[in-house]
Every structure is written in structure tokens, then in C-alpha cells.
Amino acid sequence: GAFRITLAPRGPCWVSMRVNGEQVFSGLMNAGETRDIDARGTVMLTAGDAGVFAFAINGVQGRTLGGSGQVVTVVLTPQNYAKYLLPQ
């Protein structure tokens, strides 16, 4: 039930992450910054600019979550996170 999410935006992007309802990160990230978060359970991830937001789960690159300037929230669980990844 555990997985590692790596946040790595390609440009300025506000990011918020909650794990099982508890805020674990909230802030502005810039291109070149990364943050690894180990999660177990349900993750609510909000990207303030989906067009520049990039992430990986367990080392596998995530797919684009939306367009430039779009605010997107996704809910990741151990059962569904694979659908947010690029095909291997």
C-alpha cells in the first residue's frame, strides 16, 4: 500500500498534497526543484498549473494532468495510481 511520489515541475507551480487527510506539503515549486513524498493510503494532489506540473510514482513518469494554467486535483490510491502513469 505504500508508494513514493516525486514532484518535479518544469516551471513555477503551486502544489498541495494531503495524505489520508493530513497536509504533508503545500507551496510554490520552481523548475529544477524536486520533492519526494512516501505515502501510504489516499493522496490528494493539487497542481496549480497542470501544464508545467510533472511527477513520478515509484520512479515511473506520470502523465500530463491538464493544460497550461489549469488547476487540477487528483486522488491517488495504491489501487488507482497506475492510471496516472505513462505507459511503460
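Distance check: Asn58 CG to Tyr81 OH gives 4.5 Å after rounding to the nearest 0.5 Å. A distance of 9.5 Å separates CG in Leu76 from NZ in Lys83, rounded to the nearest 0.5 Å. Here the straight-line distance linking atom CZ of Phe25 with atom CG of Leu45 works out to 10.5 Å at 0.5 Å rounding.
Following chains of ILVMFWY side-chain contacts shorter than 4.5 Å, one cannot reach Ile37 starting from Trp14, and the two form parts of different hydrophobic clusters. Hydrophobic clustering (side-chain heavy atoms under 4.5 Å, transitive across Ile, Leu, Val, Met, Phe, Trp, Tyr) keeps Phe3 apart from Met44. At a threshold of 4.5 Å between side-chain heavy atoms, the hydrophobic network of Ile, Leu, Val, Met, Phe, Trp and Tyr places Ile57 and Phe53 in one connected group. Residues Leu85 and Met17 share a hydrophobic cluster, clusters being chains of Ile/Leu/Val/Met/Phe/Trp/Tyr side chains in contact below 4.5 Å. When the side chains of ILVMFWY residues are joined at heavy-atom separations under 4.5 Å, either directly or via intervening members, Val43 and Tyr84 end up in a single hydrophobic cluster.
The local environment of CZ in Arg40 is sparse, with at most 12 non-hydrogen atoms from other residues, nucleotides or ligands closer than 6.0 Å. At most 12 non-hydrogen atoms from other residues, nucleotides or ligands lie less than 6.0 angstrom from CD of Glu22.
Side-chain atoms of Asp49 do not come within 3.5 Å of backbone N or O of Pro9 as any donor-acceptor pair. In this structure, Arg18 contributes its side chain and Thr46 its backbone to no donor-acceptor pair below 3.5 Å. Side chain of Asn30 to backbone of Pro12: no donor-acceptor contact under 3.5 angstrom is found. Between the side chain of Gln61 and the backbone N or O of Phe55, at least one donor-acceptor pair lies under 3.5 Å.
Between Ser16 and Gln23, the closest heavy-atom pair is OG-NE2, 3.0 Å. Smallest separation of non-hydrogen atoms from Asn20 and Gly41: OD1-CA, 3.6 Å. For Leu28 against Glu33, the heavy-atom pair with the smallest separation is O-OE2, 4.4 Å. Nearest approach of Cys13 to Val52, heavy atoms of both residues: CB-CG2, 3.9 Å. Across all non-hydrogen atoms, the minimal contact from Val60 to Leu86 is CG1-O, 4.1 Å.
Between Val19 and Asp38 there is no side-chain heavy-atom pair separated by less than 4.5 Å.
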